[in-house]
**Q** 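First the structure, which I've put down as structure tokens, then a few questions once you've had a look.
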Amino acid sequence: MKIAVMPGDGIGPEVTAEAVRVLKAVLGPGQAMELVEAPIGQAGIDSAGDPLPDATLEAGRRADAILFGSAGMPGDEAIPFAMRPGASLLRLRKHLGLFANFRPAFLFPELLGASTLKPEVVEGLDLMILRELTGDVYFGEPRGHGINARGEREAFNTMRYSEPEIERIAHVAFRTARMRQRRLCSVDKANVLEVMQLWREVVTRVGAEYPDVELTHLFVDAAAMQLMRAPKQFDVIVTGNIFGDILSDAAAMLTGSIGMLPSASMASGTMGLYEPVHGTAPDIAGKNLANPLAAILSMAMMLRHSFDLPDAAGRVERAVRRVLADGLRTGDIFQPGCERVGTREMGEAVVAALAKG
Ligand code: IPM
Ligand code: MG
């Protein structure tokens with residue numbers, strides 16, 4: 001098992017350290033494992049003058065899986081793209097072909113009260129957002145800044161999808177739905193955008209190969225509304241890069257805290273990058289306040305999807321359930337009557353819970 005560990009910036013190092021601690025505990029000393037730590041984001045700039053140093057990209061290429069923390073710094077957007085800490089993740093996704101981004105939104109019964117939505121709306125919530133991750137307006141050319149014919153400054157990006165890109169993510173989506181409740185909702189904006197008309201046409205055509213999966217379509221604005229109104233109607237949602245970015249944050253909040261949600265970004269095959277959805281949270285970085293459970297659950301996804309170790313993954317997930325049931329909470333999911341703990345204590349508690357099965 002060759003794993004590249006990229007802790008990155010903000011709370012990334014703290015939460016990744018707990019994921020690694022739990023990883024070592026669940027596999028035990030008998031499992032041969034090579035962990036290669038590589039700097040990324042501001043950490044990459046500090047150590048090698050580049051947010052995505054060549055050596056880090058190389059470590060990612062050689063690994064079977066990447067455990068990623070988070071990258072980015074406040075004020076990032078003012079820095080040119082190539083030197084921007086937060087953009088290192090985008091470059092890594094593109095270079096490694098990590099096109100299929102799985103973002104589950106799963107409500108732990110213990111956290112029912114943590115959601116801002118009414119309990120009956122979110123109780124039992126279990127949906128999967130599959131976000132295309134290497135195309136769309138994120139990477140489309142042309143992009144840039146210029147001066148228009150009237151002499152005014154302007155800036156532009158291009159929303160683009162090719163037919164093979166849509167086909168590839170559509171197949172992943174239908175196969176994912178097959179392993180769940182066989183319901184797939186494709187989200188687009190086909191009423192306005194040509195690129196999204198192609199999206200809908202191709203997803204529908206691919207769907208003919210999966211007659212056992214029920215396919216529906218929603219425009220993204222309606223999908224956002226339905227996610228808030230009645231999120232349990234969804235099983236798998238497949239959508240493009242930018243709509244997936246937005247909808248997955250919204251879906252995360254249904255579960256009470258973005259601090260709980262893992263993600264997997266897969267290339268074709270079993271290579272994947274595993275990352276908590278939450279980002280750098282600079283305001284609480286270095287204070288032992290961050291919730292490490294999303295990073296720990298991302299590591300469990302790695303065991304399942306890159307290393308075909310569903311039993312070990314299940315043990316980690318059960319251990320997380322157990323610490324929540326025992327009333328341990330970091331600040332982001334704190335509820336009266338629970339015990340407030342820090343990042344390290346939460347990681348230690350998960351390790352202790354593993355021992356109980
Ligand atoms: C995400 C993030 C990234 C994205 C940022 C940090 C570039 O918001 O993974 O959802 O927009 O993809
Ligand atoms: Mg996002």
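Each ligand, and each atom within it, is numbered from 1 in the order the structure gives. Basis for what follows: all heavy atoms, side chains included, without hydrogens, waters or symmetry-related copies. It should be emphasised that the depicted structure is a prediction, and the values quoted were computed from it without experimental measurement.
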**Q** Identify, for atom 6 (C) of ligand 1, the protein heavy atom at the shortest distance, and state residue, atom and that distance.
**A**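 Protein heavy atom at minimum distance: Gly86 O, 4.7 Å.
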**Q** Any idea which atoms of ligand 1 are less than 4.0 Å away from a heavy-atom of Arg131?
**A**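 Close to Arg131: 1 (C), 4 (C), 9 (O), 10 (O), 11 (O), 12 (O).
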**Q** Apply the side-chain contact (heavy atoms from CB on, under 4.5 Å) test between Leu23 and each candidate in Val316, Val5, Leu35; give the one that qualifies.
**A**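 Testing Leu23 for a side-chain contact (heavy atoms from CB on, under 4.5 Å) against Val316, Val5, Leu35 leaves exactly one candidate, Leu35.
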**Q** May I ask you to establish whether Arg329 and Phe334 are in a cation-pi arrangement, using a distance under 6.0 Å from NZ or CZ to the six-membered ring centre and at most 45° from the ring axis?
**A**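 Judged by the rule (NZ or CZ under 6.0 Å from the ring centre, within 45° of its axis), Arg329 is not positioned above Phe334.
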**Q** Does the protein put a heavy atom less than 4.0 Å from atom 1 (C) of ligand 1?
**A**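 There is a protein heavy atom less than 4.0 Å from atom 1 (C) of ligand 1.
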**Q** Please work out whether any backbone atom (N, CA, C, O) or any side-chain heavy atom from C-beta onward of Arg103 is under 4.0 Å from ligand 1, and answer side chain, backbone, both or neither.
**A**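 Near ligand 1, Arg103 shows its side chain, while the N, CA, C and O stay back.
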**Q** Report, as yes or no, whether the 6.0 Å neighbourhood of atom CZ on Arg344 holds more than 12 heavy atoms from other residues, nucleotides or ligands.
**A**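 Not more than 12 within 6.0 Å, no.
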**Q** In the protein, what heavy atom is nearest to atom 10 (O) of ligand 1, and what distance, to one decimal place, separates them?
**A**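 Of the protein heavy atoms, Asp245 OD1, 2.9 Å lies nearest.
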**Q** Flag atom 4 (C) of ligand 1 as yes if some protein heavy-atom distance to it falls below 4.0 Å, otherwise no.
**A**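 It does: a protein heavy atom is found less than 4.0 Å away from atom 4 (C) of ligand 1.
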**Q** At under 4.0 Å between heavy atoms, is it the side chain or the backbone of Arg93 that contacts ligand 1, or both, or neither?
**A**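 The answer is the side chain of Arg93.
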**Q** So, of the N/O/S atoms that Asp245 has, which is the nearest one to the Mg ion (ligand 2)?
**A**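 The Asp245 atom nearest to the Mg ion (ligand 2), restricting to N, O or S, is OD1.
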**Q** With a distance cut-off below 6.0 Å to the six-membered ring centre and an angular limit of 45° from the axis, does Lys189 pair with Phe243 as a cation-pi contact?
**A**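 No, Lys189 and Phe243 do not form such a contact.
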**Q** Can you tell me which residue and heavy atom of the protein come closest to atom 11 (O) of ligand 1, and the distance to 0.1 Å?
**A**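 The closest one turns out to be Tyr138 OH, 2.5 Å.
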**Q** Taking the six-membered ring of Tyr138 as reference, does the NZ or CZ atom of Arg131 fall below 6.0 Å from its centre and within a 45° cone about the axis?
**A**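 Relative to the ring axis of Tyr138, which defines the angle, Arg131 lies inside both limits.
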**Q** Measure from NZ or CZ of Arg168 to the centre of the six-membered ring of Phe99 and say whether it is under 6.0 Å with the direction within 45° of the ring axis.
**A**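 Judged by the rule (NZ or CZ under 6.0 Å from the ring centre, within 45° of its axis), Arg168 counts as positioned above Phe99.
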**Q** Does atom CG (Asp54) have a neighbourhood of more than 12 heavy atoms from anything else shown, all under 6.0 Å?
**A**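 No.
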